[in-house]
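Below is one structure, written out as structure tokens, with a few remarks after it.
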Amino acid sequence: MINLDEINDIRALFPLYGQTIQLATFEESDISETYVSWLNNPDIVKYSNQRFKQHSIKSCLDYFQSFHNSSAFFLAIKNKNDNALIGTMTAYINIHHRTADIGILIGNQSYQGKGIAKEAWILLLTLLLNETNVRKVTGGTLSCNQAMVAIMKKAGMQPDGIRIKQELIDDTPHDIVHFASFSKKH
């Protein structure tokens with residue numbers, strides 16, 4: 001089991017710095033009209049169930065506040081040089097099973113296709129597996145989201161299950177594919 005002190009110890013590890021990005025705790029000040037526009041942009045959320053919601057500053061504030069006093073993390077992906085918000089990541093830690101499920105959104109489209117998501121994914125995955133008491137990290141995506149599937153494979157994650165024809169994109173059923181990595185410490 002992971003206790004609350006360990007969760008706070010993990011929070012203290014941010015920001016993390018990669019080659020081109022930093023992962024920092026998402027702050028209320030990161031919520032802006034631009035951020036909201038990412039969540040309402042069908043091209044950005046085409047593989048996410050966020051596409052079924054209409055987002056606002058208030059809905060984003062509510063989501064942001066849902067992370068307070070929880071074992072989950074809401075992170076900002078920022079340009080290391082100018083601190084510009086690029087996207088977000090989440091890590092939902094199950095304290096009883098010492099697992100974490102992570103997700104990512106690159107909202108600033110000028111950064112898409114430049115390796116930012118892979119860099120952020122590996123940075124968080126490495127932290128959770130090597131610097132915490134988390135024993136397993138998981139992630140999932142629709143099978144048609146080939147960019148995300150490639151990121152998880154390049155991060156060294158292994159297949160961890162398939163939910164066959166689980167969700168619809170343009171009325172076409174697609175599998176949800178799950179991947180996992182395990183800590184070598186546990």
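Numbers here are sequence positions counted from 1.
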Practice item. Check whether the side chains of Asn79 and Gln22 place a donor and an acceptor atom closer than 3.5 Å, and report yes or no. Key: no
**Study point:** Verdict with reasoning, Phe67 to Thr90, per side chain to side chain contact (heavy atoms under 4.5 Å, CB included)
**Key:** CA-CA 10 Å; Phe67 286 86; Thr90 54; 3.9 Å; yes
Check your understanding: Can we call the ring centroids of Tyr63 and Phe74 under 6.0 Å apart?
Key -> yes
**Study point:** Separation between CZ of Phe179 and CG of Asp160, rounded to the nearest 0.5 Å
**Key:** 9.5 Å
Practice item. Find the distance between CG (Leu127) and CD1 (Ile102) and round it off to the nearest 0.5 Å. Key: 10.0 Å
**Study point:** Glu119 side-chain N/O to Thr20 backbone N/O, donor-acceptor pair under 3.5 Å
**Key:** yes
Check your understanding: For the side chain of Arg98 and the backbone of Asn133, is there at least one donor-acceptor N/O pair under 3.5 Å apart?
Key -> yes
Check your understanding: Under 3.5 Å, is there a donor-acceptor pair between the side chain of Glu6 and the main chain of Thr132?
Key -> no
Review point. Looking at Ala120 and Ile77, what are the two nearest heavy atoms and their distance?
Key: CB-CD1, 3.9 Å
**Study point:** Lys165 side chain reached by His174 side chain, heavy atoms, under 4.5 Å
**Key:** no
Revision key, fill the gap. Note: Val149 and Ser143 closest approach over all heavy atoms is CG2-O, 4.3 Å
**Study point:** Reported CG-to-CG distance for the pair Leu13 and Asp9, which is rounded to 0.5 angstrom
**Key:** 7.5 Å
Review point. Is a side-chain donor-acceptor pair under 3.5 Å present for Asn94 with Thr99?
Key: no
Review point. Same cluster for Ile57 and Leu85 if Ile/Leu/Val/Met/Phe/Trp/Tyr side chains link at under 4.5 Å?
Key: yes
Practice item. Answer yes or no for Arg11 and Phe73: cation-pi contact, defined as NZ/CZ to six-membered ring centre under 6.0 Å and angle to ring axis within 45°. Key: yes
Review point. How long is the gap from OG on Ser59 to CG on Leu39, to the nearest 0.5 Å?
Key: 7.5 Å
**Study point:** Min side-chain heavy-atom separation Val177-Thr141 under 4.5 Å
**Key:** yes
Point to revise | Within one Ile-Leu-Val-Met-Phe-Trp-Tyr cluster: Trp121 and Tyr47, side-chain cutoff 4.5 Å | key: no
Review point. Between Tyr92 and Ala72, which heavy-atom pair has the shortest distance, and what is it?
Key: CD2-CB, 3.5 Å
Point to revise | Non-hydrogen side-chain atoms of Ile176 and Leu142 separated by less than 4.5 Å | key: yes
Practice item. Check whether the side chains of Thr172 and Asp170 place a donor and an acceptor atom closer than 3.5 Å, and report yes or no. Key: no
Review point. Rounded to the nearest 0.5 Å, how far does CG of Leu23 lie from NZ of Lys80?
Key: 11.5 Å
Check your understanding: Hey, are the side chains of Asn49 and Glu167 touching, using non-hydrogen atoms and a 4.5 Å cut-off?
Key -> yes
Check your understanding: Just by modelled atom types, is the Ser110 backbone N or O under 3.5 Å from a matching donor or acceptor in the Lys114 side chain?
Key -> yes
Exercise for review: Provide the closest heavy-atom pair for Ile93 versus Ala100 in the form atom of the first, atom of the second, distance.
Suggested key: CG1-CB, 3.9 Å
Check your understanding: Which residues satisfy the salt bridge (charged side-chain N to carboxylate O under 4.0 Å, His left out) test with Asp62, sequence neighbours excluded?
Key -> Lys58
Point to revise | Exercise: identify the closest heavy-atom pair between Met1 and His96 | key: SD-ND1, 3.7 Å
Exercise for review: Side-chain contact test, heavy atoms from C-beta onward, threshold under 4.5 Å: evaluate it for Ile151 versus Met157 and give yes or no.
Suggested key: no
**Study point:** Test item: Thr138 and Lys136 side chains (from C-beta on) under 4.5 Å apart, heavy atoms
**Key:** yes
Practice item. Under the side chain to side chain contact (heavy atoms under 4.5 Å, CB included) rule, what do Ile162 and His178 come out as? Steps first, then yes or no, please. Key: CA-CA 6 Å; Ile162 299 173; His178 298 274; over 6 Å; no
Review point. Quick one: does Val45's side chain get under 4.5 Å of Asn41's, heavy atoms only?
Key: no
Revision key, fill the gap. To the nearest 0.5 Å, atom CZ of Phe26 lies from atom OH of Tyr35 at 4.5 Å
Review point. Do Ile44 and Ile31 share a hydrophobic cluster (ILVMFWY, side-chain heavy atoms under 4.5 Å, transitive)?
Key: yes
Review point. Shortest non-hydrogen contact from Phe182 to Ala180?
Key: CE1-CB, 4.2 Å
Practice item. Report, as yes or no, whether the 6.0 Å neighbourhood of atom CG on Asn69 holds more than 12 heavy atoms from other residues, nucleotides or ligands. Key: no
Point to revise | Within 6.0 Å of CG in Asp171, more than 12 heavy atoms from elsewhere | key: no
Check your understanding: Between His55 and Gln50, does any side-chain donor sit less than 3.5 Å from a side-chain acceptor?
Key -> yes
Point to revise | Polar contact flag, side-chain donor to acceptor under 3.5 angstrom, Gln158-Ser181 | key: no
Point to revise | Student check: side-chain heavy atoms of Trp38 and Ile106 closer than 4.5 Å | key: no
Check your understanding: Between Arg135 (side chain) and His97 (backbone), is there a donor-acceptor pair under 3.5 Å?
Key -> yes
Review point. Transitively linked via ILVMFWY side-chain contacts under 4.5 Å: Ile86 with Leu105?
Key: no
Check your understanding: Is there a path of hydrophobic side-chain contacts, each under 4.5 Å between heavy atoms of I, L, V, M, F, W or Y residues, that connects Val137 with Ile104?
Key -> yes
